[in-house]
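Read through the structure below, which is laid out as structure tokens, and then see the notes.
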Amino acid sequence: MIQDIIKPMIDSALIEQARELIDKHQKFVVVTHMSPDGDALGSSLAMAGYLQKKGKDAKVVFCDTPGENLHFIPGWEEGLIYDNQNDGSVSRKAEAQKLIAETEVIVCTDFNVLSRTAALAEEIKKSSAPRLLLDHHLGPNTEEFSVVISHPEAVAACELVYRFILQMGDDALLDKTIATRIFCGLLTDTGMLSFNCSQDQIFLIVARLMQEGVENEKIRKEMLLEHERRARLKGYVLQNKMQLNYDLKYGYISLNKAELKRFNHQKGDSEGFVNMPLDLYGIQVTAFFREEKNIIKVSLRSKGEFPVNLLAEKFFNGGGHRNAAGGEFLGSLQQAEALFIKAMPLFAQYLDK
Ligand code: 5GP
Ligand code: MN
């Protein structure tokens with residue numbers, strides 16, 4: 001029995017609270033964080049798919065347009081885009097507003113504070129519908145949610161979605177579409193099952209997903225596909241933009257507006273760039289700074305014990321996990337870089353010798 005090999009993670013009292021919300025209501029809206037990644041898309045769509053299978057009206061509302069690199073996730077286009085930020089995609093703001101205003105339950109996946117849903121947070125706050133959270137980030141703002149299922153030890157929000165379905169006693173409702181969505185999230189947040197996977201549980205979950213016909217090789221290929229645009233930007237970055245400090249074991253990359261324009265940067269094109277310096281011998285911490293309209297978007301990554309979430313909290317008005325965090329900076333790109341360079345010596349004690 002699947003229940004015998006995949007050990008329960010979620011507290012049974014929370015499962016019962018969630019069950020009551022689900023049993024009592026018909027209308028559900030599922031939301032996830034802005035600039036969604038594979039885990040955000042996978043977890044929100046999988047939850048909606050699961051609720052639909054239970055006979056509920058469930059719709060996903062995206063804060064903004066999911067990047068083109070995620071359009072292979074089955075059913076992503078079923079989600080309503082709240083704010084297309086004039087990127088040419090179909091914005092369904094009025095419809096999304098109405099759905100949220102009328103919904104009976106709001107399900108939140110892969111984020112820990114409502115502000116991670118950008119302008120959508122205002123719509124969510126206007127609604128009195130209870131909010132069910134399924135998330136794996138540290139430090140959820142518990143006051144913002146009615147039922148808080150928060151497990152930082154889960155490798156992905158999608159791991160929690162599968163565990164939730166299982167612990168609800170609904171493993172039989174899994175199908176290829178839902179399983180594929182969950183698989184995409186697991187692959188995203190574990191670097192294709194290469195990190196945070198040192199125990200058997202994730203592989204047991206993956207095996208269960210594959211029983212539904214998830215196409216492992218096809219999905220992996222889709223995830224690795226990229227546009228020429230991105231490949232050329234990557235080449236430029238590796239050649240010209242990677243700054244390294246071997247004494248303090250860090251690297252960083254920054255891209256200004258002019259560079260982004262020159263390479264016709266589209267949403268998602270620089271996804272993962274932050275990880276590139278980490279592939280070098282002797283580098284343990286990396287940062288990526290991208291100049292946006294009014295802010296500098298900051299991404300941080302590390303290996304081992306180095307807590308980039310603390311760095312993000314202290315200096316970049318953000319947060320995240322120990323090895324993957326991010327935030328924002330108000331000021332110039334140069335100022336953001338300078339702050340990072342100044343902050344690194346203060347965190348030197350966390351570096352592996
Ligand atoms: P990314 O670098 O991929 O944008 O984000 C990595 C992780 O850092 C996210 O999963 C999230 O936990 C955290 N993160 C990124 N940006 C922010 C932010 O602006 N605020 C907070 N609190 N966390 C962030
Ligand atoms: Mn995630």
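Atoms within a ligand are numbered from 1 in the order they appear, just like the ligands themselves. Owing to the predicted nature of the structure, the values given are computational and were not obtained by experimental measurement. Heavy-atom basis, side chains included; hydrogens, waters and symmetry copies ignored.
With a 6.0 Å cutoff to the six-membered ring centre and a 45° limit on the axis angle, R290 does not count as a cation-pi contact of F273.
In this structure, R322 and P307 have side chains that are in contact, with non-hydrogen atoms separated by less than 4.5 Å.
Close contacts of ligand 1 with G320, meaning ligand atoms under 4.0 Å from a residue heavy atom, involve 12 (O), 13 (C). Taking a cut-off of under 4.0 Å to the non-hydrogen atoms of S299, the atoms of ligand 1 that pass are 1 (P), 2 (O), 4 (O).
Protein heavy atom nearest atom 12 (O) of ligand 1, with residue, atom name and distance: H137 CD2, 2.8 Å. Closest to atom 19 (O) of ligand 1, if we only count protein heavy atoms, is G327 CA, 3.4 Å. Among all protein heavy atoms, the one lying closest to atom 15 (C) of ligand 1 is G326 CA, 3.4 Å. Ranking the protein heavy atoms by distance from atom 13 (C) of ligand 1 puts G319 O, 3.2 Å first. Protein heavy atom at the shortest distance from atom 16 (N) of ligand 1 is K297 NZ, 2.8 Å. Looking only at protein heavy atoms, the nearest one to atom 20 (N) of ligand 1 is G318 CA, 3.5 Å.
The pair R19-E16 meets the salt-bridge criterion, since a charged nitrogen lies less than 4.0 angstrom from a carboxylate oxygen.
By the 30° and 60° cut-offs, the orientation of the rings of H25 relative to F28 is perpendicular. Aromatic ring pairs are classed by plane angle as parallel below 30°, tilted from 30° to 60° and perpendicular above 60°; the pair F347 and F306 is tilted.
Closest heavy-atom approach to atom 6 (C) of ligand 1 among the candidates R301, E313, R116, M34: R301.
Closest non-hydrogen pair, L45 versus W76, comes out as CD1-CA, 3.7 Å. Listed here is the closest heavy atom pair of I182 and A46: CG1-CB, 3.7 Å.
Centred on the Mn ion (ligand 2), the angle running from D110 (OD1) to D39 (OD2) is recorded as 90°, rounding to 10°.
Q266 and N264 form a side-chain donor-acceptor contact under 3.5 Å, judged by distance and modelled atom types alone.
Not one N, O or S atom of C158 sits under 2.8 Å from the Mn ion (ligand 2). Using a cut-off of 2.8 Å, one finds that D135 contributes no N/O/S atom close to the Mn ion (ligand 2). Within the 2.8 Å limit, D189 places at least one N, O or S atom next to the Mn ion (ligand 2).
How far CD of E313 is from CG of N309: 5.5 Å, rounded to the nearest 0.5 Å.
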